[in-house]
Structure formats: structure tokens, C-alpha cells
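Note on naming: letters A, B, ... go to the chains in the order of the sequence lines (proteins, then strands), and numbering restarts at 1 for each one.
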Amino acid sequence: MESTLGNALVLLAIGMITVFLILALVVISGNILIKIVNKYAPEPTKKLTRASRSATGTAPEVIAAITAVVETVTGGHGKVERINKIDK
Amino acid sequence: MESTLGNALVLLAIGMITVFLILALVVISGNILIKIVNKYAPEPTKKLTRASRSATGTAPEVIAAITAVVETVTGGHGKVERINKIDK
Amino acid sequence: MESTLGNALVLLAIGMITVFLILALVVISGNILIKIVNKYAPEPTKKLTRASRSATGTAPEVIAAITAVVETVTGGHGKVERINKIDK
Amino acid sequence: MEVLNKLYEMTAFGAIGEDPLTLVMLALALFLLYLGIGKRFEPLLLVPIAFGVLLANFPGGHMSVTPSTEIIEHMTILEIAKEHGIMNMLYYMLIKTGLLPPLIFMGVGAMTDFGPMLRNLKLAFFGAAAQIGIFTVLISAVALGFSLKEAAALGIIGGADGPTAIYTAIKLAPHLLGPIAIAAYSYMALVPVIIPLVVKYTISEKELKINMKEQDKLYPSKVKIKDLHRTKIIFPIVLCAIVSILVPSSVPLVGMLLFGNLIKEIGSDTNRLMVAASETIMNAATIFLGLTVGATMTAATFLDKTTLLIILGGFIAFAISIFGGIMAVKVHNLFSKKKINPLIGATGLSAVPMASRVANDIALKYDSKNHLLQYAMSSNISGVIGSAVAAGVLISFLS
Amino acid sequence: MEVLNKLYEMTAFGAIGEDPLTLVMLALALFLLYLGIGKRFEPLLLVPIAFGVLLANFPGGHMSVTPSTEIIEHMTILEIAKEHGIMNMLYYMLIKTGLLPPLIFMGVGAMTDFGPMLRNLKLAFFGAAAQIGIFTVLISAVALGFSLKEAAALGIIGGADGPTAIYTAIKLAPHLLGPIAIAAYSYMALVPVIIPLVVKYTISEKELKINMKEQDKLYPSKVKIKDLHRTKIIFPIVLCAIVSILVPSSVPLVGMLLFGNLIKEIGSDTNRLMVAASETIMNAATIFLGLTVGATMTAATFLDKTTLLIILGGFIAFAISIFGGIMAVKVHNLFSKKKINPLIGATGLSAVPMASRVANDIALKYDSKNHLLQYAMSSNISGVIGSAVAAGVLISFLS
Amino acid sequence: MEVLNKLYEMTAFGAIGEDPLTLVMLALALFLLYLGIGKRFEPLLLVPIAFGVLLANFPGGHMSVTPSTEIIEHMTILEIAKEHGIMNMLYYMLIKTGLLPPLIFMGVGAMTDFGPMLRNLKLAFFGAAAQIGIFTVLISAVALGFSLKEAAALGIIGGADGPTAIYTAIKLAPHLLGPIAIAAYSYMALVPVIIPLVVKYTISEKELKINMKEQDKLYPSKVKIKDLHRTKIIFPIVLCAIVSILVPSSVPLVGMLLFGNLIKEIGSDTNRLMVAASETIMNAATIFLGLTVGATMTAATFLDKTTLLIILGGFIAFAISIFGGIMAVKVHNLFSKKKINPLIGATGLSAVPMASRVANDIALKYDSKNHLLQYAMSSNISGVIGSAVAAGVLISFLS
Ligand code: NA
Ligand code: NA
Ligand code: NA
């Protein structure tokens, strides 16, 4: 029984150390990653637009336009869930 | 062979009794259910609207509006299959 | 080793003969099929229209109309991926 | 020369020469494809079944289902796939286990609306009478020499419900699965022919003109549903409890049907589950069910007298079920002031919503204002419950 | 008379009479349905779980999961289906193998946006402190007599992550799967109640008014993301490498989460995969997970003291995790000029995005301009990684 | 101290230190991710394959596929999952059984349009010549010391069809599955590089300028399709019969392809099946195929001379297949007044529709009015049938 409690305490130590260690590494390497990617990123303005559209493949202005139409038609109750583009 | 036929007759009896019994219970308990739910249902008019919209999460007038637009555009050949709402 | 090479050569012969034979049969029977179907096909103009709409169940003019609307709204970036009809 | 010889051995010509009945099966596959595509008989199932027959009957393709043996039933999935091919793998994993029919029932539930049934609850009772075809054909089949299990699997065709028929066949007489599935789905497709045929000889013109809406005005029902949404959510749970306590062996079918219905009625909160049940799982299950059921039909297993008797018996079971439903309404009308159109009994069959549409069309032919679709849907949907319950009774006693 | 006797034997009345505790389970199922439908507690999982409990507890339906034995673990799928029914087939194929939680994690990944975390990377660190509830409850459970494995599976409820809790329970204490899943999902649904409760006793009004945006203006971060798209593609790969090398046993969870995230971030090139991960596979997996986990709960396995202790222990683990996150922020604030709102620590729990929304609402109550949702999301998402890592550690040492 | 020691043992550092080649595999995974994401080489398959390599090569994650042994082949699914992890479970259930490639072929069929092939049926013949790379590389590989089975699996890369290559490798040389899949998909992605390369050295400018539309006007074809819809429905059935009778062992691939095509061409009646085949099943199968194939590649199985020879041999097989197609057209042109652009031969390769687009682009470079896409699609699609038939021949003789 006692040794089980001992094991539980060891688990507490190892578990919390690991979790803290990993999330510390995530923070550090995430920052390094951002710096490296920034270094190779082209002029920020153009790039940021490209980045934000790539998730759905549709430019934000277009999304805004479609959303506006749908909201007008539906009185704000319908929402655009996804806009798919087809292959050319 | 004869006992097989006998068994088949027993099955006929049990089967039809069960089916009639169950559907009778469905009718009875369905009526009881309706009465109980009615008892706790708020003012009917408002509630019915809420009920009918909850299936798709969209109010009937909105559906009618969307449907009308699509029918106009498609000359009555396209139909609105489903209107999804996204989480806020 | 030698007999393995021999087997490989036999495979080359059988494989290429089979592939040529099958694709020749495909060409021949495809032509026969087209002729047979043509024989029983009604007046071509009407039929071709029916054929082209059956894939999506929507007439081409309707598709054109919907597509035009969507393209206008999305500035050409959104495309109509599929038009479904619901059962009556 | 040796090359040509080997080439010949690779082909299916030799095997077809040895067993020319295979050609009959290929012709049958083409005929079923014609029914499914050209005649539009339940294409969602007949097309995959027919293609399964086609694939199964090219010897050497290893795409036919091997009849069950002690050995194969204890093999692992990989062993079955390696020795008997992927079609057997799918069959022994999805069909023989009885998995797909309950999954399809879940999808059916997610597409079923109990609204019409709740609005005309009394009519649901007539879904019971239309199960009589199941049991009368069972008795006849026993008299003709079928075993009790086979007879029950044959009789269930009269329930007019595809997944129920397949589930019962899997449980009681898996060797008859192919012809039973074909018969069930073919006759379901033929409902627009069979119902008018039976109606013609059993219902008088005066009865056909009974107008349900006018009867409702004359003798209005006391119960009005005030909160349909909430009622429709609680109803499948109540229904599940009733059926499960009385006939537990029907739970895999009825329970899954009602689970599917519940996640549909809850609405947007469980929309993802509803989509999975009624589309993702349903559509994939339909493909695999069709192909594997088709692949059970080879010359050796299909072409015998039994198949003919099943095709014949299935038709009779259908007809008697319709007849039973009609008679039950007639008996009711003898004792009640509020008359019911006997067509409502005919739709107790199942085959939702085809049977109701056919009944509606017949009624309109005699009186262009007599729309009884919503009434017919009540007994129609209850017929699905009815035949699943009947299947549960049969499985409970015979398996 | 004989007919009536047989009829009675077919029903579940006899079995229920023998084991009336079954009625308690049925009542529990109805209560869970009420929570899921009426109270909207995580309906996507509680409704299938509750219906699974319902189906499992009608004796004779063969829809309950049989507790694992040496024999059943070595049976083929078909053998399990034939002897124990399809629910056991699904359980032993999808749950007992540990397959579904990683598949669900893949779907979660395909729906997760690491953007808020990348924009406030430092806050991700507080996702670590909120795992303390897992280990403290583990110790308490051991003290109460649970085995180490059971205690670990109980403690993981404090990770506030459903699939992680289920995965850990499968690996360490499968006999406790049912109550652990119920507790995990119920408390996740109760996050809007539990977080305010803990906050009330631990965070002062002055702390609650700390405005993250103003702190950002006072002490601006040096790093600005110039190419978010590319960063979000590389980040899951880096994250996967870090976690996999340090805690390889968490790869089935974390690796699949990050794969799902990667195919989402790539965009249109892998859109088909994203749809499969976040909809097709995710939705079907949710149905099967819910039904089978529910079906593990029968009177014999569920109704004992252990279940009560799990329900209680799970609550404590939740509360301590929130407390741990809050304390870590307070310690940080002692040493740093740039202050962090302790609510950011409370959201280290997991339960994305519910915890963040709750924290945001609390902050807005004290200062209507203090929007901290984006900040909370950072520790919130890192809390998911944190609890998966904690699960990996436990599995690595105890299985 | 003891804690730190245990902590170290939990990590993968020790295992990586013992087998540093693992790092090479991790680097390979990153390189494949770069090809798939950055270079957009067949991302739908290369990304999951690459991630599979990544997951498999973190020691301790239990996510690598264990090479097949007598013992593992006879274990049940649960036994495999418990002893070897979920990746092996998926591999032995979905890949080793040969299930996924036919399912993917069903999806490919549901996305294939035989219209261009039917309109230029004669050109389909050139899909045969482009299989020569398969058999010539087979012979070379045998000469280099590969076994016949291995040589056949290597040669099939020249068929330029991913699922066919994987299916053949599973049946004939499963230990080479990883590199064969990588080579097949990489070269398919490199078609825009390889075709121009071969074309440059084999087709003269005069030949490249042959305008198919003008040839059609000069020598018009006698057959005009009057009812394309009906023709496209019957064609897959006829095609299935021809292939199945002559090469039954290709039925699992070709039969499923044509079933997929049939349910697409029927239209709205079988729309649900088409969606299941081309989306639900296809997308999920692609994820599982990619991840598990990737997971077969560990340092021990991948890093040897054989892999290099496969990468090299695959390239040669590709090039010879393109060469064969081109030569067949040249021979045709010697004997016919109606000339065919040799680019049509080059697209006999498969790799639909990439090869056709590349050929079209080359033709347009030499004559901006020479659109031959529709013509190229005919031999391109027939190349898929051609390589599936070649695979059937090889499997039939060697397995
Ligand atoms: Na019925
Ligand atoms: Na957590
Ligand atoms: Na090819």
C-alpha cells in the first residue's frame, strides 16, 4: 500500500515535470519557428492576405460579399458554413 | 412434420398477438404521451413555431424566403435541400 | 536463374498479348455497343438534352442560371460545386 | 504454344465451360440491372445486388461468397481475405455478423418522420394486421417441406421491409439470403402493381370513396398535439421501451431505428450524428450490403427449386399482408360510426412511403378530393415496426 | 395457455423481475437523455451514451457489452457477433482495440485552430499547471484503495478531455470505462458551473479586471507572425516531433491530433482528407463510441460504490485542475511586471472552447471591455496537449 | 535521481541513440512532407504517407507496421491491436487483406468519365502499348536478382497507377509495399517532368504538330454517339464482362472501378451510392491507406539497396511505358493515312488526368490551336484499364 502511494507520488513528479517541460519546449520552439518563417516570408502585407485566404481558398472580400447576401436574404438567421471551390 | 406444422400455428398465434399487443400499446401510450406533453406545453401558438423551426434550426419564414429566391433563380427546378446554421 | 528469366519473358508475352487483346475487344465491342444503342435511340436532339441533364438531374439552362448568379455574387471566385434536387 | 495454353488457363473460359449454368447467372445479373436501371425498381439496392451477382459469377475473380462452413466461421478476417477474397471478408464481417441491417435501420430511423403517425395514432393499429402474410406463408412453406427456420425467413418477405428480411434471413436461414433479398426488394419495387391488384378484388368503390378528412370533421379526434417537437423527441424513447420489454430480440432493429429517429428529432444539437446515420453510414452500408448479398448468388446456390418457391411464396406473402390490412379496416368499419378507408389497411404493409403514395393515387382516382396520404403514412410507418416485431418473435423462437 | 406461457418467456419481464436493479439503469438512461436533450449537456456524446445504456439494459436484447474475459478477447469478430451480439462486436473491434479515441483526436485536430495559441505562445505554458488535478486525485484514489491503474484512469477525468479519458480508461482500467466516460463528459458540460465556482474562491476582483490587451500595449511582445499560413503548417509537425520524442506513448493521441490539424492547415490540396477526418470518420466514430460506451453500463457493472467514487473524484480532479492553472498565473504575476489575468490559468483545463467562453464571460462581467477570449484559447488548446501528454505518461508507466 | 532516470527511459532518446538511422527516416518523412505540401506532389497521398513515416519512426509510439509473420497473420484484430498497436490493426485489416485498393478503385470509377474514351474509341488501343514498361523492368529486375514476385511488384510502378501498384505489391511482395507506393505516387506527381523528357528525345516537331481535329475533319469517323447517357450506362457493364472473362484475377480492381462508374452514370437514382463511393469511402480509405503505407517504412525495412533499386527501376519503368505508347502511335502512322499525334501514345500511361494535361500543354507549345486534351483522355483512361489488366495477369501467374 505504502509503496503504491510512493509510486503515485513519483508519477505526480514525472507527470508534472514532463507536462511543464513539453509545454515549455512548445513555447520556445514555437517562437523559434515563427522567427525562422518570418525570415523567409516575403513582404508582409501581400503575404498575410494570401495566408488568410488559403484556408478556404477564397479571398476575404469574397467571403464577406457572399455572407452579406446570405444574411440579407435570411434576415441574419442563416449563416455561410463553408465555401468550396471546384477544381478548374 | 405434424409437430412442425403445430409449431408454425403456435408461431402464427404468438406473432400476431404480439404485433397487435405492441401496436395497441403504441397507440395507447402515444395518446398518453401527447396528453402529458400538452399539459406542460406553453401557449400553443408560440410553441408550435418554436417546434417547427427546431428541426433545421431555421424559422419557417426564413426558409420560405431562401426557397423563394432559389426557385426564382432556378425556374423551379432547383430545390433547397438543407439549411445549416453554424455555431456562433 | 535462367528459368526465372525465361518465366519473365513468358510473362512479357502473355501480359502484352492480353492487354492488347482486351483493349482491342474494348474498341470493337464499344463500337458495336454505340451502334446498337444508336439504333434504338429516339430523335437525337431531344435525347442528347435528356442525357446531359440526367447526371445531375438539372437542366443545363438552370445550371447556367445558378452559376451566373453565384459568379456575379462572388466575383468569379466561388464556383457551384453541386446542385442537388430533393425528392418531392 | 505453351504461352497460348497458359493464356487460356488464365481466362474464365474453362471454368464457364465446366459449369455453363454460370451463364444463366450472368443473364440474371443483366436482367436485375435492367430492372434496377431501366425499370427503376429500387435502384439503390437492386443495382449493387445485380453487380454483386455479376462479379461473383466470373470464375477466377474470387468475388463470390463461399457458403458458410465450420472452418470459415472461425477464421480471422485476414485469413478469410487471403483464402477467399475481399467479398467474403466483407460478407463474414458485415453481413454474417448481422451488423449492416441494424445500421441501415438507424439510417431509416434518421429519415423517418413519426409526425403523421402521431397525428393519426389510431390508424397505426392497422400496421399489425398487415403482418398476417408473414405467418400464413410460414405455415404454407412448412407444409411444402421447408424447415421452420427457412419458412420463417421466407415468410418475412411479406413484411415488405428489406433490411428486416435480410436480418431475419441472416439469423435463421443464411443459405437463402440471396433469393430472399432479391424477392423482398423486387416486390417492394412492385408495390405500385401489387397493391392495386389486391385492392381491385377486395375493396368496393363505395369504400374507396371514404374521405378521411370528412370523417375527421364529422367525428373529430379529442387529442390535439400542442408541442409536436417535444412529443416527437419523447415518442421514440417510449416506443423503444415498449418494444424492447415485450420483444427484446427485436432491439437490434427497432432500437437502432428509434435511436436514428431520436438524433434526427433532437435537431441541431445532434445534427452531426444524424448526418452520420442517414448519409455516411447509411450509404456505405447500402453499397456493401448490396454487393455482398448479390455475391452470395452463384449458380450452385441459386439455381434450384427453392429459389422459385421463395419468389412465389414472397409474392403470396405480400398479397396476403395487404389483404390482411384491408380486412382489419373492414372489420373496424362494421363496429364503428367513424369509417376508415380500407386503403389505409393496405398500407400497413411497410414499403414507406411508396405504399402510401400508391394508396393515395388510387383514392384520388375515385374522388379527386380524397387526399389520404397523411393518413396512410400512419399505418405505413407502423407497418415497419410491425414487421420488425414479427421478425423479433420469429428469431426469438427459432434461433 | 402454453402459447401465453411462451409469450411471457419471450418478453423481458422475467429477467427484469429477477434483477430489478435493471430498472435503476433504465431510469439512469432516461436521466442522461434528459441531461443531453433537455439540458443540452454535450448532447453529441451524452445522447448516444444514454441510448446505449437504454439498449443494453433490456434483458434479451443482447445489446450490452460483456465484461472482458480471456476467452472473448481471443474470439474472432464473427464469433463475438454470433455469441454476444453486434454491440460486443463493435465494442471489441473499435473500443477495446483503442481505435476510436485516436480517430476522434484526428477529427478534433482537423477542427482546431492553433492560431490563437501561436499569437500568444507564452500563455500556452499555463496549460501545464492545469494537469495537477489528474495527479492529485490519482494519489487520493490510491489512498482510498484503488489500484494504481484504476486511480490513474480516474484521475485523468481532471484532464477535462473526453477522448483522452476514454483512451486512458481503455488502456488502464477498461472495467471502469462507463462511469469514467459519463463523468468526463458530464463535467465538461458543467464547465460553465465549475469554473465560476472555483474562480469565486480564488481570484480577487482586482485580478479579474486585469486587461490582457492593455498589458500587451504596455509591454508589447517582440515576435509578430508575418506568414501565419506557413507557420500553422509547420507548427503541428514541430509539435509532433517534440511530444513524440519525449512521450512516445502519447503518439496515438497527439500524433493523430496533429495529423488532422496538418491536413486542415494545408488547405484545398488536402481538403478531401480534412472532410474525411472532421466529418465522415469523426461523426461515425462519435456514434459508435457513444453507443458502445453506454452499452458497457449494466446494473451488474455500474451500480456499486466505485461508480460513486469516480463521480466524486472526477469533480475534485476538475476543480483542482482549474485551481492549479489559476495558481500558476498568480505565481507568474508575482515575478513579472506584465500581469496575466488568472482566468487564463483556469482555461488551461481543456474543454475547448467552452472553458474560454466561460472565462471571457466572467471577465466581461467585471469589465465590459475586457475581451480575453483569444488569450484564453491559447492555454485552453495547450491544455488538450497537456492532458494527452499526462495520459501518455500514465500509460507508459502503468500498462 | 530515480525520477530523472525513469523520465529518460520513458522518452525515445535511448531508442534513437541505439538506432540512429531512425533519424534518417524522420528526415525522409520531412522531405516527403515538403514534396507533398511545398511542391504539391500528389498531396492527397504523399502527406498521409509522410505523416505515417513520421509516426512510425518515433520509437515507443507503437505506430509502425510490424513485418508480417506466420503468428501475426493468424491473430485476431483485438490481439493485433493490443500487442502491436492500432496502426498494425489498420494495416492487417485494411491493407494486408487487399481491401483498400479495390475500394479506392470504386471511388476512382465514380469520378471517371468514359465519355472522351467513347468518342475516340480507337485511341483507347494505345493504352495497351504503354504497359510495356511494366514487363521490361520486370525482366531487368529478375536479371538483377530480384525474385519473380518482387520484380513484378517493382515493374507495376510502370503502370503509373497508385492503387494498382499497391494492390500488386500487397499480393506479390508486401515487404516492398512502402518504397513501391512512394515511387509510384512520386513519379505520378513527376509526370509533368518525365513525359516532356521522353517526348523530347522521341517525337519530332512535325509529329508534335499533328492536329487531331483536322485529321478528324479529313477522315471523319463513321460512328456518332446518339444517346451518350445510355451508352455510358451500358459500357461499364460490357467492359466488366470482357475483362472479367479474360483476366478474372483483375476483377477486384476493374470490377469495382466499373461498379463505381456505373452508379455514377445512372445518375440521380443511385446518387447516394455515388456519393458514398466517391467521397465517404474514398476519402476515408485514402487517409487509412496513406498512414498505414507510410507506417510500413522504418529504418530496418526501408534503408537498404532494394529501396534504391525500386526508386531507380520505377523511373525506368515509367520512361519505357511512355516510350512504348509513343512508338505504338508511330507504327500506326506508318500504315494509316489518318495520322495520330504521338503524344496520344505517351498518355497511355495512366496518371489521369495529369498525363493528358501535360500532353495537351506540349502540343499547344508547338501549335497554339492544337487542343488534344479530349483525345489524350481516351488513351489515358484506357491506360488505367491496361495496367489493372497487367496487374491481373501478374497476380494470376505469380501468386
Ligand atoms: Na410490414
Ligand atoms: Na487538460
Ligand atoms: Na497504365
Practice task
Counting only heavy atoms closer than 4.5 Å, note whether E/Ile170 contacts chain F via side chain, backbone, both or neither.
Solution key: neither
Practice task
Measure the OG1-CD1 distance between E/Thr97 and F/Ile80 for me, rounded to the nearest 0.5 Å.
Solution key: 11.0 Å
Handout entry: Option in E/Val247, E/Thr270, E/Val251, E/Leu273 with maximal non-hydrogen atom pairs under 4.5 Å from chain F
Key = E/Leu273
Problem - Heavy-atom side-chain proximity of F/Ile287 to E/Phe259 below 4.5 angstrom - result: yes
Practice task
Report yes if some heavy atom in the side chain of F/Thr76 is under 4.5 Å from a heavy atom in the side chain of E/His74; otherwise report no.
Solution key: no
Problem - Portion of F/Pro48 that has a non-hydrogen atom of chain E nearer than 4.5 angstrom - result: both
Practice task
Please flag which part of F/Leu54 lies under 4.5 Å from any non-hydrogen atom of chain E: side chain, backbone, both or neither.
Solution key: side chain
Exercise for the section: Between chain F and each of E/Gly392, E/Ala284, E/Pro252, count heavy-atom pairs under 4.5 Å; write down the option with the most. Expected result: E/Pro252
Practice task
Nearest 0.5 Å please: distance from the CG atom of F/Leu33 over to the CD1 atom of E/Ile266.
Solution key: 7.5 Å
Handout entry: Any side-chain heavy-atom pair of F/Glu279 and E/Val275 under 4.5 Å
Key = no
Exercise for the section: Kindly indicate whether the side chain of E/Ser244, heavy atoms from C-beta on, has any atom under 4.5 Å from the side chain of F/Asn57. Expected result: no
Handout entry: Non-hydrogen side-chain atoms of F/Leu90 and E/Leu99 separated by less than 4.5 Å
Key = yes
Handout entry: Proximity breakdown for F/Tyr34 and chain E, heavy-atom pairs closer than 4.5 Å
Key = neither
Completion exercise
Ranking E/Thr280, E/Asp269, E/Ile281, E/Leu262 by heavy-atom pairs under 4.5 Å to chain F gives rank one to E/Asp269
Fill in the blank from the handout: Between F/Ile86 and E/Gly98 the two heavy atoms that sit nearest each other are CG2-O, 3.7 Å
Handout entry: Check: F/Leu44 and E/Arg272 side chains under 4.5 Å, non-hydrogen atoms
Key = yes
Completion exercise
When rounded to the nearest 0.5 Å, the distance separating CE of F/Met93 from CE of E/Met93 is 3.5 Å
Handout entry: Separation of E/Ser249 OG from F/Met10 CE (nearest 0.5 Å)
Key = 7.0 Å
Practice task
Can you tell which part of F/Met87 gets under 4.5 Å to a heavy atom of chain E, answering side chain, backbone, both or neither?
Solution key: neither
Completion exercise
From the list F/Leu30, F/Ile37, F/Ile77, the residue making the most non-hydrogen contacts under 4.5 Å with chain E is F/Ile37
Exercise for the section: Pick one of side chain, backbone, both or neither for F/Met63, based on which atoms fall under 4.5 Å of a heavy atom in chain E. Expected result: side chain
Problem - Leading residue by heavy atom contact count with chain F [cutoff under 4.5 Å; candidates E/Ala276, E/Ser399, E/Ala277] - result: E/Ala276
